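Report on the following structure.
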Amino acid sequence: MDYHRQATKHETRSARVCSFCQLTDPGFNTRKAVDQVILCGMLESARAHVTEEGFLRHRMAELRLMAARMGRPIQEASSVAA
């Protein structure tokens with residue numbers, strides 16, 4: 001007899017908030033909770049994120065940081081379209 005319930009597709013066994021994203025992404029607090037977390041056994045990188053949205057936002061934060069170091073700020077998508 002199995003007493004364990006079936007896990008849903010958005011559950012993780014061990015995850016923590018990505019401190020890199022928390023420090024560098026101005027829209028971090030508006031993300032869904034599942035997009036904020038990374039797997040515990042991995043370094044803080046885009047690949048460690050649980051969701052694709054978390055991966056993309058982490059990567060954008062990395063690119064924004066690299067562009068700022070080079071003196072070339074990246075324009076947000078909303079300002080580019082205008």
Side-chain angles (χ1 to χ4, degrees):
M1 191 178 287
D2 188 16
Y3 292 104
H4 297 286
R5 64 180 177 80
Q6 294 295 320
T8 61
K9 68 177 186 175
H10 291 296
E11 289 183 347
T12 59
R13 291 187 178 157
S14 57
R16 60 187 167 90
V17 173
C18 180
S19 61
F20 175 82
C21 289
Q22 195 171 24
L23 292 172
T24 58
D25 186 7
F28 182 77
N29 293 329
T30 61
R31 291 188 195 183
K32 294 179 184 177
V34 73
D35 293 334
Q36 296 178 358
V37 296
I38 59 174
L39 299 174
C40 280
M42 299 181 76
L43 297 174
E44 292 188 2
S45 66
R47 293 184 66 194
H49 277 270
V50 177
T51 62
E52 186 176 359
E53 181 72 18
F55 171 87
L56 292 173
R57 288 184 180 233
H58 185 106
R59 190 67 183 125
M60 286 301 299
E62 288 175 341
L63 293 172
R64 205 176 297 117
L65 185 63
M66 286 192 297
R69 287 181 184 159
M70 295 175 65
R72 301 179 193 164
I74 294 177
Q75 294 178 348
E76 294 295 323
S78 59
S79 64
V80 173

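From a predicted model like this one, the values you see are computed outputs, not experimental measurements.
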Original post:
Should we say atom CE of Met70 is surrounded by more than 12 heavy atoms from elsewhere, each under 6.0 Å from it?
Top reply: no
Subject >> Co-members of the apolar cluster containing Leu56 [side chain, <4.5 Å] >> reply: Phe55
**OP:** Enumerate the residue pairs fulfilling ring pair (Phe, Tyr, Trp, His ring centres under 6.0 Å) with a member in residues 21-41, sequence neighbours excluded, ordered by first and then second residue.
**Re:** none
**OP:** Taking the side chain as every heavy atom from C-beta outward, state whether Glu62 and Arg59 have any atom pair closer than 4.5 Å.
**Re:** yes
Subject >> Val37 reachable from Met42 in the ILVMFWY side-chain graph, under 4.5 Å edges >> reply: yes
Subject >> Pairs touching residues 42-52 that satisfy salt bridge (Lys or Arg N to Asp or Glu O under 4.0 Å), sequence neighbours left out >> reply: Arg16-Glu44
Original post:
Should Pro26 and Arg64 count as side-chain neighbours, where that means a heavy-atom distance under 4.5 Å?
Top reply: yes
**OP:** Check which hydrophobic residues are tied to Ile38 through side-chain heavy-atom contacts below 4.5 Å, counting indirect links as well, and list them.
**Re:** none
Subject >> Leu43 CG: over 12 foreign heavy atoms closer than 6.0 Å >> reply: no
Subject >> Those residues that, when tested against His49, pass side-chain hydrogen bond (donor to acceptor under 3.5 Å, both in side chains) (two or more places apart) >> reply: His58
Original post:
Does anything in residues 20-41 pair up under salt bridge (Lys or Arg N to Asp or Glu O under 4.0 Å), and if so which pairs, sequence neighbours excluded?
Top reply: Asp25-Arg31
